[in-house]
Trainee: 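My structure is below; once you've seen it, I'll send some questions.
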Amino acid sequence: MSVKDKSKLGEKAVEHFREGYNCAQSVLLTMFEHWGCKNDLVPKVATGFGGGIGRCGSVCGALTGGVLALSIRYGTNGASVEERIRAYEVVQEFYRRFEKQNGSVLCRELIGYDLSDPKQLDEAHKAKVSEEKCDAFVRKAVETLVEITQT
């Protein structure tokens with residue numbers, strides 16, 4: 001896939017995010033669309049991961065949405081250790097790249113606000129953190145997923 005096409009997918013994820021899907025939903029939905037998949041659970045299954053897992057500021061939703069996508073693509077419904085190890089390897093690669101690119105995997109560190117605190121949530125909205133920071137995390141997560149899954 002060309003850099004231009006990868007960039008278009010990243011922008012599609014940002015479009016989903018700006019439509020009102022959370023970060024995790026946006027990443028998962030974009031990857032599903034890219035892979036030509038359809039499932040009634042997508043993006044629903046990613047709902048609770050937004051804002052660092054339910055706005056708790058933990059692991060970034062763009063990262064967890066990507067992990068969900070990779071798990072669906074490389075995961076197993078059985079007890080196969082080999083298949084599970086392959087899924088772990090690809091998830092570790094994605095996790096490490098995300099952390100290296102962004103300096104952290106934690107939502108509250110990435111955006112500088114604790115979204116579980118109503119006052120800080122309001123401050124984050126006023127500061128347009130979603131547009132200023134989260135757009136980039138969502139975009140880059142999808143671009144990285146495309147790179148990882150092309151092999």
Side-chain angles (χ1 to χ4, degrees), residues 1-116 124 129-151:
M1 173 174 273
S2 73
V3 172
K4 184 178 178 182
D5 291 337
K6 185 174 63 169
S7 180
K8 283 183 181 180
L9 273 176
E11 288 306 315
K12 181 65 177 172
V14 171
E15 285 177 32
H16 285 314
F17 187 59
R18 290 184 179 176
E19 288 168 359
Y21 292 102
N22 71 30
C23 41
Q25 290 175 306
S26 299
V27 170
L28 181 59
L29 181 58
T30 302
M31 293 311 296
F32 252 58
E33 291 169 347
H34 172 61
W35 293 329
C37 300
K38 180 100 172 111
N39 186 300
D40 291 339
L41 294 177
V42 172
K44 183 178 184 174
V45 70
T47 303
F49 292 98
I53 305 178
R55 287 190 178 154
C56 288
S58 187
V59 180
C60 173
L63 176 59
T64 56
V67 170
L68 286 167
L70 292 171
S71 295
I72 291 167
R73 180 140 182 164
Y74 296 100
T76 178
N77 283 325
S80 169
V81 173
E82 294 82 16
E83 289 178 22
R84 192 169 55 241
I85 288 171
R86 172 65 182 132
Y88 289 167
E89 289 170 350
V90 74
V91 165
Q92 287 173 3
E93 181 179 351
F94 178 60
Y95 182 100
R96 288 181 182 127
R97 284 192 189 190
F98 187 96
E99 186 173 39
K100 184 177 181 180
Q101 291 162 348
N102 301 301
S104 180
V105 298
L106 298 177
C107 177
R108 77 178 70 83
E109 291 178 4
L110 292 167
I111 67 169
Y113 292 91
D114 178 356
L115 300 179
S116 66
V129 167
S130 291
E131 296 91 344
E132 297 293 323
K133 296 187 178 188
C134 300
D135 281 4
F137 302 134
V138 167
R139 179 184 301 108
K140 191 61 181 169
V142 166
E143 291 174 358
T144 302
L145 287 165
V146 170
E147 290 171 11
I148 290 171
T149 59
Q150 282 184 347
T151 58

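Along the sequence shown, residues carry numbers from 1. Computed from heavy atoms alone, side chains included, the values below leave out hydrogens, waters and symmetry copies.
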Trainee: Go through the steps to decide whether Leu110 and Lys133 satisfy the test side-chain contact (heavy atoms from CB on, under 4.5 Å), and finish with yes or no.
Mentor: CA-CA 8 Å; Leu110 292 167; Lys133 296 187 178 188; over 6 Å; no
Trainee: Ignoring hydrogens, what is the shortest heavy-atom contact between Thr149 and Arg73? Give both atom names and the distance.
Mentor: O-NH2, 3.9 Å
Trainee: Would you call Arg86 and Glu83 a side-chain contact if the rule is heavy atoms closer than 4.5 Å?
Mentor: no
Trainee: Rounded to the nearest 0.5 Å, how far apart are OG1 of Thr76 and CD of Glu82?
Mentor: 10.0 Å
Trainee: Is Val146 close to Gln150 at the side-chain level, that is, under 4.5 Å between some pair of heavy atoms?
Mentor: yes
Trainee: Between CG of Asn102 and CG of Leu63, what distance do you get to the nearest 0.5 Å?
Mentor: 9.0 Å
Trainee: To the nearest 0.5 Å, what is the distance between CD on Gln101 and OG1 on Thr144?
Mentor: 4.0 Å
Trainee: Check Thr64 against Ala24 and note the closest heavy-atom contact, atom names and distance.
Mentor: OG1-CB, 4.0 Å
Trainee: Taking C-beta and beyond as the side chain, do Cys134 and Val129 meet within less than 4.5 Å on heavy atoms?
Mentor: yes
Trainee: Tell me whether Asp135 is salt-bridged to Arg18, with the criterion being a basic N under 4.0 Å from an acidic carboxylate O.
Mentor: yes
Trainee: With a 3.5 Å cut-off and no angle check, do the side chains of Ser104 and Glu99 form a donor-acceptor pair?
Mentor: no
Trainee: What I'd like to find out is whether the side chain of Leu28 reaches to under 4.5 Å of the side chain of Ile72, using heavy atoms alone.
Mentor: yes
Trainee: Heavy-atom count around Arg139 CZ within 6.0 Å, excluding the residue itself: above 12?
Mentor: yes
Trainee: Would you give the length of the straight line joining atom CD of Glu143 to atom CD1 of Ile148, rounded to the nearest 0.5 angstrom?
Mentor: 12.0 Å
Trainee: Within the 4.5 Å heavy-atom criterion, are Val138 and Ser26 side-chain neighbours or not?
Mentor: yes
Trainee: Just how far is it from atom CG of Leu68 to atom CG of Leu29, taken to the nearest 0.5 Å?
Mentor: 12.5 Å
Trainee: Is the shortest heavy-atom distance from the side chain of Gln25 to the side chain of Thr47 under 4.5 Å?
Mentor: yes
Trainee: Quick one: does Cys23's side chain get under 4.5 Å of Phe137's, heavy atoms only?
Mentor: no
Trainee: Walk me through whether Glu89 and Ile85 qualify under side-chain contact (heavy atoms from CB on, under 4.5 Å).
Mentor: CA-CA 6 Å; Glu89 289 170 350; Ile85 288 171; 3.6 Å; yes
Trainee: Inspect the contact between Glu147 and Arg97 and indicate whether a charged nitrogen and a carboxylate oxygen are less than 4.0 angstrom apart.
Mentor: yes
Trainee: Does some side-chain heavy atom of Val59 sit less than 4.5 Å from a side-chain heavy atom of Cys107?
Mentor: no
Trainee: For a quick test of reading the model, state the closest non-hydrogen atom pair linking Gly66 to Val27 and the distance between them.
Mentor: N-CG1, 3.6 Å
Trainee: Considering non-hydrogen atoms only, spot the tightest contact between Cys56 and Ser116 and give its length.
Mentor: CA-CB, 4.4 Å
Trainee: Can you tell me how the ring of His16 sits relative to the ring of Tyr21, calling it parallel under 30°, perpendicular over 60° and tilted otherwise?
Mentor: perpendicular
Trainee: Provide the full list of ring-ring contact (aromatic ring centres under 6.0 Å, His included) pairs with a residue in residues 27-54, sequence neighbours left out, each pair given once.
Mentor: none
Trainee: Drop me the distance from Ile53's CD1 to Leu106's CG, to the nearest 0.5 angstrom.
Mentor: 9.5 Å
Trainee: Where is the tightest heavy-atom contact between Ala124 and Leu115, given as atom of each residue plus distance?
Mentor: CB-CD2, 3.9 Å
